[in-house]
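First comes the structure, then the notes that go with it.
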There are 2 protein chains.
Amino acid sequence: MNTNRRKFITTTAALAAGTIAASAMSSSDHQKEEFPIVHHVFFWLKNPGSTEDRDKLVAGVKTLSKIETIKKLRVGVVASTEKRDVVDNSWAVSELMFFSDLAGQATYQTHPIHLEFIKNCSHLWEKVIVYDAIDV
Amino acid sequence: MNTNRRKFITTTAALAAGTIAASAMSSSDHQKEEFPIVHHVFFWLKNPGSTEDRDKLVAGVKTLSKIETIKKLRVGVVASTEKRDVVDNSWAVSELMFFSDLAGQATYQTHPIHLEFIKNCSHLWEKVIVYDAIDV
């Protein structure tokens, strides 16, 4: 096998590997490209032991899904993972939202459905922490 | 129109509406049903102003995607949303992971790739907060 042929085979193999890597990447990163703005909010209840208040807040957060700029909404409660010093499990309800861009997130903030949610549910919570991330 | 026929039409309409609602739900909640465990970690750097350290940590977190029980991984930095009292933008890097179940999350915690990441990158961070949620 001459040098050129060896080089051709090596290059072809590298290109094939590159194609596989690229297609795996685009498949797994599909959502990331579409909705790169992550808005994660944690709520602490005024009555931390009240399942009723928790459920009211969960129901309230779910009304936000009607806002068109929220591309995905997931509502959560504390998962029973291992208790570790770094794990904060003192909150009660979480809302995890994905937006296409910062403008979509800004639209959500002042949307009538969001303002209605705040009006109806803000008496339920004592503390809120918001994390806004963008995919890298 | 007799009562039975009216009842039939009403029922059919309700069923049709239900079907539409259910199919809209299953489409938007598809991911929720598959990977209901949300693991969101926020890292604060020892050198908060160091882009180099931030990028090293981002690269480190991305190695975790090889762990098979992590169904989706999104790595983030602070998004430039409006500064508000409730928004914590003091962190530097976030990792957002989705698991099928608690066992998958437990497997991740002790996975060799995770331990390798901690060995290689823990000198970069000063503080970590973890939130583990389950979809409701």
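From a predicted model like this one, the values you see are computed outputs, not experimental measurements. Each chain gets a letter, A, B and so on, in the order the sequences are listed, and its residues count up from 1.
Using cut-offs of 30° and 60° on the angle between ring planes, the pair B:Phe42 and A:Tyr131 is parallel. Below 30°, between 30° and 60°, or above 60°: for A:Phe98 and B:Phe98 the angle between ring planes is between 30° and 60°, a tilted geometry.
Closest heavy-atom contact between B:Ala133 and A:Ser94: CB-OG, 3.8 Å. Residues A:Lys62 and B:Val136 come closest through the heavy atom pair NZ-O, 2.9 Å.
Per-residue heavy-atom pair counts under 4.5 Å with chain B were compared for A:Lys127, A:Gln109, A:Lys71, and the maximum is reached by A:Gln109. Counting heavy-atom pairs closer than 4.5 Å to chain B, the top-ranked of the candidates A:Ala79, A:Gly76, A:Ser65 is A:Ala79.
Linking ILVMFWY residues whenever their side-chain heavy atoms come closer than 4.5 Å, directly or via other members, leaves A:Leu124 and A:Ile129 in distinct clusters. B:Val130 and A:Phe43 fall within a single hydrophobic cluster, where Ile, Leu, Val, Met, Phe, Trp and Tyr are joined by side-chain heavy atoms under 4.5 Å apart, directly or via other members. Linking Ile, Leu, Val, Met, Phe, Trp and Tyr residues whenever their side-chain heavy atoms come within less than 4.5 Å places B:Ile113 and B:Ile70 in a single cluster.
B:Val75 is not listed as a side-chain neighbour of A:Asp135, based on a closest heavy-atom distance of 4.5 Å or more.
Along residues 80-91 of chain B, the residues that come nearer than 4.5 angstrom to chain A, judged on non-hydrogen atoms, are B:Ser80, B:Thr81, B:Arg84, B:Val86, B:Val87, B:Asp88, B:Trp91 in order of number.
If you measure heavy-atom distances from A:Val128 to chain B, the contacts under 4.5 Å come from both the backbone and the side chain. Interface residue B:Val78: backbone and side-chain heavy atoms are both found under 4.5 Å from chain A. Only the side chain of B:Leu102 has a heavy atom closer than 4.5 Å to any heavy atom of chain A.
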